[in-house]
Amino acid sequence: MSAILTLESLGVRLPPGADRSHALQDVSLAVAANEILCVVGESGSGKSMTAGAIMRLLPRGVAIDGGRVLFEDRDLVRADEAEMRRIRGAGIAMIFQEPMTALNPLRTIGDQIGEMFAIHTDLSKAAIRDRMLGLLEEVRIPDPRLASRAYPHELSGGQRQRAMIAMALALDPKVLIADEPTTALDVTTQAQILALIRDLQRRQGTAVLFITHDFGVVAEIADRVAVMQHGRVVEQGPADAVLDRPQHDYTRQLIAAVPPLAAPPPRALSDTSVLTIEHVSKTYRTGGFLGRGARVTHAVKDVSLRLPKGGTLGVVGESGSGKSTLARCIVRLVDPDAGSVMLEGTDLAGLTRAEMRRQSRHIQMVFQDPFASLNPRRRAGDLVAQGPIVHGTPPARARARARELFALVGLDPASADRFPHEFSGGQRQRIGLARALALEPRILVADEPVSALDVSVQAQVLKLLGELRQRFGLSIIFITHDLRVAAQICDLVAVMKDGEVVERGLVADVFGAPQHPYTRALLASIPGRGFGVARPVATT
């Protein structure tokens, strides 16, 4: 089968002062019509830079310095900007990782899709509108007419991604580049988007270059796989061969780091509850004038849960299920409307702000995005020492303890003088853990702490959490939409839907024999569900 897009010994040079000279070195890839080539690797491996080089959309100071990018016998490396504008969208289209930043927030979805036809075709306004609505229907957005008049913030994450796919497919491109298009999506929405891309690719014969770090996604849709490390392709071949018989050590390490869906043998759990949540509810009311048109959202509805001492309770579900709102109610970042949160006899829900500040040393939170939760103007060591200082520890002692905690979570104590932007994503999450542990809490509430991390870094953080739980006798509430992760780190699991707990129990029981239709739907939607079932557990 002849290739539509071919990369030959492609090199991309980084600006002076970067940690290495090249983002890409000697990269050779090819993708044919009606084929999905998955490019997989960790952050910094060169996956997205490869997409940027193909589209000639590279950051300032970064330049192609060797090789060829052949598309229909044209070398895009040597094409001028006018020719690239004709190719982008019409010949090669791209779906970006985060549609909220890729879509114009000031224009409706219909206007943005219609612009593709207005720029590249001579269609009338009526014809453009018909084609635009047809595309929205093709990507299965509910009520295309209403969606076409919506602004990006008025759509869900899955609907925004579908709108991006509609825009990418508008001009029937021969090549579709999908750069991590499902990373931020829930498992059921992710499954729908993957099925949609596969279905459209088969019907239109499109060549798809799919960039991802998720081997479950690779197992689900790939025809061929290319593995990248440090800007080089270290292994490529048919999907079955690479996944089942990897040749390169790096590929084997990545695959071994994927958490299996099968839960490890259950641990013995204490009969003593360190935290008891009883009938907690939280309702949000927004919009409306004098009560008209107001929207009422029951984010958490009558939730009751128990966290055993030294155990880990997973709370799983899709976006909007109420997981994060429940976590914020527990630590009093938001006030519950009803119910109690009993921490060893003290009802946190009934405390004043001053009383809650005193209790906060016993229950600490680790956030999903460590970069957003760390003050960029303060040094990492000061951020870790801040809590103990507020609670009365002398500054010198608190800073010395911060350095000890850096070593405990696997960071160089000397790096405590650096700022958050000088650390990688995985290192920032370790700083978040160190900050939470600085107050020696009894309970950690971890809200999606590994969802933004590469698979190998994710495995390291999960292993660290398991070791800290055992070493300090921590009890953990672990919020996640990744059921593979929940299976490995959690003892108990509660499944939330529309603010309610629909199923709960030992993780092996719930995942092994789910009783509720929603739980079964979540498990059935996991991409590459059978991939890695028999691999050993990576956590303690």
Side-chain angles (χ1 to χ4, degrees), residues 263-264 266-282 300 302-316 322-336 338-351 355-367 387-388 391 405 408-409 432-449 462 464-480 485-486 488-496 501 504-510 539-540:
R267 301 187 307 142
L269 295 177
S270 171
D271 293 330
T272 303
S273 296
V274 67
L275 189 76
T276 303
I277 301 161
E278 294 184 342
H279 307 294
V280 166
S281 295
K282 179 65 181 178
V300 177
D302 196 29
V303 169
S304 296
L305 294 169
R306 167 186 167 270
L307 175 64
K309 190 172 184 178
T312 299
L313 169 65
V315 182
V316 304
K323 309 185 305 297
S324 292
T325 300
L326 177 63
R328 282 157 173 74
C329 286
I330 292 169
V331 298
R332 286 289 301 281
L333 288 178
V334 299
D335 294 328
S340 62
V341 180
M342 303 298 295
L343 172 60
E344 296 185 337
T346 301
D347 183 6
L348 302 183
L351 299 180
E355 290 170 336
M356 187 61 207
R357 276 195 294 274
R358 289 192 290 273
Q359 286 291 330
S360 66
R361 68 180 306 122
H362 302 306
I363 182 166
Q364 286 287 297
M365 192 161 184
V366 181
F367 296 91
H391 283 270
L405 287 167
L408 179 67
V409 299
L433 277 171
R435 180 174 63 174
L437 292 171
L439 289 169
E440 300 180 3
R442 300 172 197 164
I443 299 170
L444 279 184
V445 179
D447 188 8
E448 301 274 12
L462 290 176
L464 175 62
L465 273 171
E467 291 170 349
L468 293 173
R469 178 181 63 187
Q470 189 170 25
R471 179 169 178 173
F472 295 105
L474 283 171
S475 307
I476 301 173
I477 294 179
F478 195 94
I479 312 291
T480 184
V485 168
Q488 296 310 302
I489 192 70
C490 300
D491 301 301
L492 303 165
V493 67
V495 182
M496 289 191 71
V501 174
R504 75 193 78 193
L506 292 170
V507 66
D509 294 342
V510 173
T539 58
T540 300

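For this chain, numbers begin at 1 and follow the sequence in order. All heavy atoms count here, side chains included; hydrogens, waters and symmetry mates do not.
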Sidechain-backbone polar pair: Arg267 side chain, Asp491 backbone, donor-acceptor under 3.5 Å: no

Between CG on residue Leu269 and NZ on residue Lys309, distance to nearest 0.5 Å: 14.0 Å

Over all atoms of both residues, closest heavy-atom pair of Leu348 and Gln359: CD2-CB, 4.1 Å

His279 side chain near Ser340 side chain, heavy-atom distance below 4.5 Å: no

Spatial distance of atom CG (Leu307) from atom CD1 (Ile330) [nearest 0.5 Å]: 8.5 Å

Closest non-hydrogen atom pair, Gly339 against Ala349: O-CB, 3.8 Å

Approximate separation, where rounding is to 0.5 Å, of Leu465 CG and Leu474 CG: 9.0 Å

Lys282 side chain to Asp335 backbone, donor-acceptor under 3.5 Å: yes

Euclidean distance, Thr325 OG1 relative to Asp447 CG, rounded to 0.5 Å: 9.5 Å

Short side-chain to backbone donor-acceptor contact, Asp347 and Val341, under 3.5 Å: yes

Residue pair His362, Thr346: steps toward the side chain to side chain contact (heavy atoms under 4.5 Å, CB included) verdict: CA-CA 11 Å; His362 302 306; Thr346 301; over 6 Å; no

Ile489 to Leu462 - nearest heavy-atom pair and separation: CD1-O, 3.7 Å

Any donor-acceptor pair under 3.5 Å from Ser270 side chain to Thr272 backbone: yes

Least distance between heavy atoms, Met496 atom then Val315 atom: SD-CG1, 3.6 Å

Min side-chain heavy-atom separation Glu448-Lys323 under 4.5 Å: yes

Any donor-acceptor N/O pair, Arg504 side chain to Ser304 backbone, under 3.5 Å: yes

Value rounded to 0.5 Å, distance of CG in Leu439 from CD1 in Ile363: 12.5 Å

Pair Leu305-Leu492, side chain to side chain contact (heavy atoms under 4.5 Å, CB included): steps then yes or no: CA-CA 10 Å; Leu305 294 169; Leu492 303 165; over 6 Å; no

Stepwise side chain to side chain contact (heavy atoms under 4.5 Å, CB included) test for Met365 and Ile477: CA-CA 9 Å; Met365 192 161 184; Ile477 294 179; over 6 Å; no

Heavy-atom closest pair, residues Val280 and Pro336: CG1-CB, 4.0 Å

Check: Glu344 main-chain N/O paired with Arg442 side-chain donor or acceptor under 3.5 Å: no

Separation between CZ of Arg471 and CG of Leu464, rounded to the nearest 0.5 Å: 10.5 Å

Sub-4.5 Å side-chain heavy-atom contact between Leu444 and Phe472: no

Audit row: Ser273, Met342, side chain to side chain contact (heavy atoms under 4.5 Å, CB included) steps and yes/no: CA-CA 9 Å; Ser273 296; Met342 303 298 295; over 6 Å; no

Side chain Ser281, main chain Asp302, donor-acceptor under 3.5 Å: yes

Over all atoms of both residues, closest heavy-atom pair of Val507 and Cys490: CG1-O, 3.2 Å

